[in-house]
Protein chains: 2
Amino acid sequence: MTALVREPIETHRQDDDPRQRARGRPRDEVARKRILEAALELVEELGFAAITTDAIAERAGASKATIYRWWPNKAAVLIEALREAVAQETPFPDTGSLREDVRIQLRDFIKLLTGRRGRLFKALVAAAQNDLELAATFRAVWMAPRRAVAKAGLERHRGRELKKDADLDLIMDALYGPLYFRLLAGHRSLTEKLADELADTVLEGIRKR
Amino acid sequence: MTALVREPIETHRQDDDPRQRARGRPRDEVARKRILEAALELVEELGFAAITTDAIAERAGASKATIYRWWPNKAAVLIEALREAVAQETPFPDTGSLREDVRIQLRDFIKLLTGRRGRLFKALVAAAQNDLELAATFRAVWMAPRRAVAKAGLERHRGRELKKDADLDLIMDALYGPLYFRLLAGHRSLTEKLADELADTVLEGIRKR
DNA sequence: ATATTGCGAGACTGAAAAGTTTCGAAAATG
DNA sequence: CATTTTCGAAACTTTTCAGTCTCGCAATAT
């Protein structure tokens, strides 16, 4: 399961250079999309570990040979599928009010986690515990950009509603950590009420006085 | 991996009834301990998924036949190992001060997570995402009793340092969630400083005013 | 002593799944 | 049309591992 991701086989690249096209039949982009989509669906349904390349191929209506023609191994397919799936994020709101910004953001995030994507994240975080490469990808593709956006969103309020010396990393962990916690441990459900109360509790502790 | 845990085969029970002992050679309790210990070590080293019964047997200096003599399948061994490993908890302190109680508790917990046991928890939470039985065991054996103790510890302060209508489940998630989050996502490290700042932030939001 | 049960060692079976190869058809270029 | 490359289908190889079985020896009861 753990494996190096070799860069896509150079010999057959043929994307964005129409004047010098390769000889034979070109790569089927529709099939590529179908394979990634199938992989994604299967992760959401079964988790990372339970997926087989046969299942991906069957659902995509593709051949295993096609999969291994373009990806070096199964993990590479899943990682690319993840990368594309996670591309569209929920932006951090900007209402002018810190409390409102955070409430909206937490509610949106809960909506994400309780939907189709929630299963993806569970599967992903789980698999990342046994796969260093996957863990790195998860942090790079999901955590880092998302936290950067949230950090900038909070930064706007520093010195105003927020203490001047507030530790934004701590705050983000205090806000998002409990949501991931409930998602993964499953001891309580993720509700909008949680979002609001959590926002109020944490913000009360760090507001400017 | 997923399987019912049949109750230990009744026919060969022979624990606490010395006057009516079974006929043949008695079960080797030392071997039992070695098997559970080996399973635990392997979980901590490799994670739940990567373990083989052969590896457990080899490390324990036992025979696979012995393992399957007493446990119906691999998962049952791991679950029993977990159950015994988790038996000794860190009690919730009682210093009289809410702030101190929480600080100490969080520091202890971080110490637990950054030690040998941290790996066990990572592996466990990960595996639980794909195994309903394991998830249930984790909640029953670890989460539930631990949360009950913490809840009682907090309850002592209700109406005094704590708001009368404080939602203790929310508070516990706000306190522990960020720690599990960092453990599993690995974006930041678990430090004592985190424990203290987190305690202060959350408690400030819920203290009696 | 004899019967019974547990033990470790290791061979064995069967299933699952990763990755490879073969095949004939399809889609492109020259 | 000839050549090249991809495609889906499916057979195939190989590895890994769960779980079973057999053997000869050890430990206990009667």
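As the structure is a prediction and not an experimental result, all values here were calculated from the model. Within every chain, numbering begins at 1; the chains are lettered A, B, ... in the order of the sequence lines, protein sequences first and strands thereafter.
Remark: B:Met172 CE to B:Leu170 CG distance equals 9.5 Å, nearest 0.5 Å.
In the model, B:Asp169 has no side-chain atom that pairs as donor or acceptor with a side-chain atom of A:His187 under 3.5 Å.
A:Ile35 places its CD1 atom 11 Å from the C1' atom of D:dG8, with the value rounded to the nearest Å. The interatomic distance linking A:Trp70 (CH2) with D:dG8 (C1') rounds to 15 Å, in whole Å.
In this structure, the nucleotide among C:dG8, D:dT6, C:dC7 sitting nearest to the side chain of B:Ala62 is C:dG8.
The pair B:Asp173-A:Arg188 fails the salt-bridge criterion, with no side-chain N (NZ, NE, NH1 or NH2) lying under 4.0 Å from an Asp/Glu carboxylate O. Between A:Arg32 and A:Glu29 there is a salt bridge, since a side-chain N of the basic residue sits under 4.0 Å from a carboxylate O of the acidic one. Between B:Glu155 and B:Arg158, at least one side-chain N (NZ, or NE/NH1/NH2) sits under 4.0 Å from a carboxylate O, which counts as a salt bridge.
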If a protein heavy atom is under 4.0 Å from the base, mark B; if only from the sugar-phosphate, S; if neither, -; do that for nucleotides 25-30 of chain C going 5' to 3'.
-> -BBBB-
The contact string for nucleotides 10-23 of chain C, one letter per nucleotide 5' to 3', using protein heavy atoms under 4.0 Å with B, S and - for base, sugar-phosphate only and none, comes out as -------SSBBB--
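A ring pair (Phe, Tyr, Trp, His ring centres under 6.0 Å) with B:Phe109 is found for one member of B:Tyr176, B:Phe121, B:Phe92 and no other, namely B:Tyr176.
For C:dG6, neither phosphate oxygen OP1 nor OP2 lies less than 4.0 angstrom from any side-chain nitrogen or oxygen of B:Arg27. In terms of phosphate contacts, A:Arg34 brings a side-chain nitrogen or oxygen within less than 4.0 Å of OP1 or OP2 of D:dG8.
Within a 6.0 Å radius of CZ in B:Arg34, more than 12 heavy atoms belonging to other residues, nucleotides or ligands are found.
Side-chain contact between B:Leu198 and B:Leu179: present, with at least one pair of heavy atoms (C-beta onward) separated by less than 4.5 Å.
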